[in-house]
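Worksheet for the structure shown next.
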Amino acid sequence: MPNIAIILASARPGCAGAAVAHWVLTQAEKRTDATFDLIDLAEVDLPQIDEAMPPALGRYTDPHTQQWADIIADFDGYVIVTPEYNHSFPGVLKNALDRVYAEWNNKAVGLVSYGVDGGVRAVEALRLVLKRPSARRRVGTGHLEHAHRLRRLVHPRRTSRFRPDHHA
Ligand SMILES: Cc1cc2nc3c(=O)[nH]c(=O)nc-3n(C[C@H](O)[C@H](O)[C@H](O)COP(=O)(O)O)c2cc1C
């Protein structure tokens, strides 16, 4: 059975993303054809990338990198739950994406965004990153349109009173 990680990309204390990610997990767990786990990047607490060799070479030396690689390798796909920071996605997510390479390959990814404008520019930026030329056939982005529909399911404007909207 496919094992899917729901990755919370905000690491701020008290972030709105925690409620969104838990809601996504609750919705996902209604399915019986996959298993789901929540990965909170604040808990993972990865240091900034400090590997001497590019991760694409697969020669990880830092224990943090190997631990993160083992976590990511365990999953068949990912749903990234991201806010928009300065017209993009948070740096903590970029670091998590940059830190390992092969473990992301041949996996499907969906995106759920939220924020003042629904986090649409975070999704735009992520689509570029996830479609990097060297991995075009490796990191699936076929679920992105579905992710856009999911984005409309949430009302981000009052994140302290987060609630899902009806399906558009
Ligand atoms: C550092 C930072 C930068 C932000 N930049 C933007 C932005 O460029 N555009 C936008 O619509 N919202 C922006 N916001 C608002 C966030 O998207 C919104 O507050 C979101 O709910 C934050 O999610 P979080 O609480 O899970 O971190 C920014 C918030 C932060 C903390």
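Each ligand, and each atom within it, is numbered from 1 in the order the structure gives. In this chain, numbering begins with 1 at the start of the sequence shown.
For E51 and T61, the side-chain atoms include at least one donor-acceptor pair closer than 3.5 Å. R121 and Y85 form no side-chain donor-acceptor contact under 3.5 Å, judged by distance and modelled atom types alone.
Considering backbone and side-chain N/O of G115, none are found under 3.5 Å from N/O of ligand 1. Backbone and side-chain nitrogen or oxygen atoms of C15 are examined, and none is located within less than 3.5 angstrom of a nitrogen or oxygen of ligand 1.
Sorted by first and then second residue, the salt bridge (Lys or Arg N to Asp or Glu O under 4.0 Å) pairs involving residues 88-104 (not counting sequence neighbours) are D50-R99, D62-R99, K94-D98.
Hydrophobic clustering of Ile, Leu, Val, Met, Phe, Trp and Tyr side chains at less than 4.5 Å, counting indirect connections, unites V129 with V100.
Counting atoms of ligand 1 from 1 in the listed order, those under 4.0 Å from a heavy atom of R121 are 9 (N), 11 (O). Counting the atoms of ligand 1 from 1 in the order shown, those under 4.0 Å from a heavy atom of H87 are 7 (C), 8 (O). For ligand 1, the atoms lying closer than 4.0 Å to a non-hydrogen atom of D117 are 11 (O). Against a heavy-atom cut-off of under 4.0 Å, N86 is close to the following atoms of ligand 1: 3 (C), 4 (C), 5 (N), 6 (C), 7 (C), 8 (O).
The proximity of R12 to ligand 1, defined as any non-hydrogen pair under 4.0 Å, is limited to the side chain. Residue contacts with ligand 1 for P83 involve side-chain atoms from C-beta outward but no N, CA, C or O (heavy atoms, distance under 4.0 Å).
Between W68 and Y60, the gap from one ring centroid to the other reaches at least 6.0 Å.
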**OP:** Would you sort out whether F36 and N3 count as a side chain to side chain contact (heavy atoms under 4.5 Å, CB included), showing the intermediate values?
**Re:** CA-CA 6 Å; F36 299 90; N3 193 18; over 6 Å; no

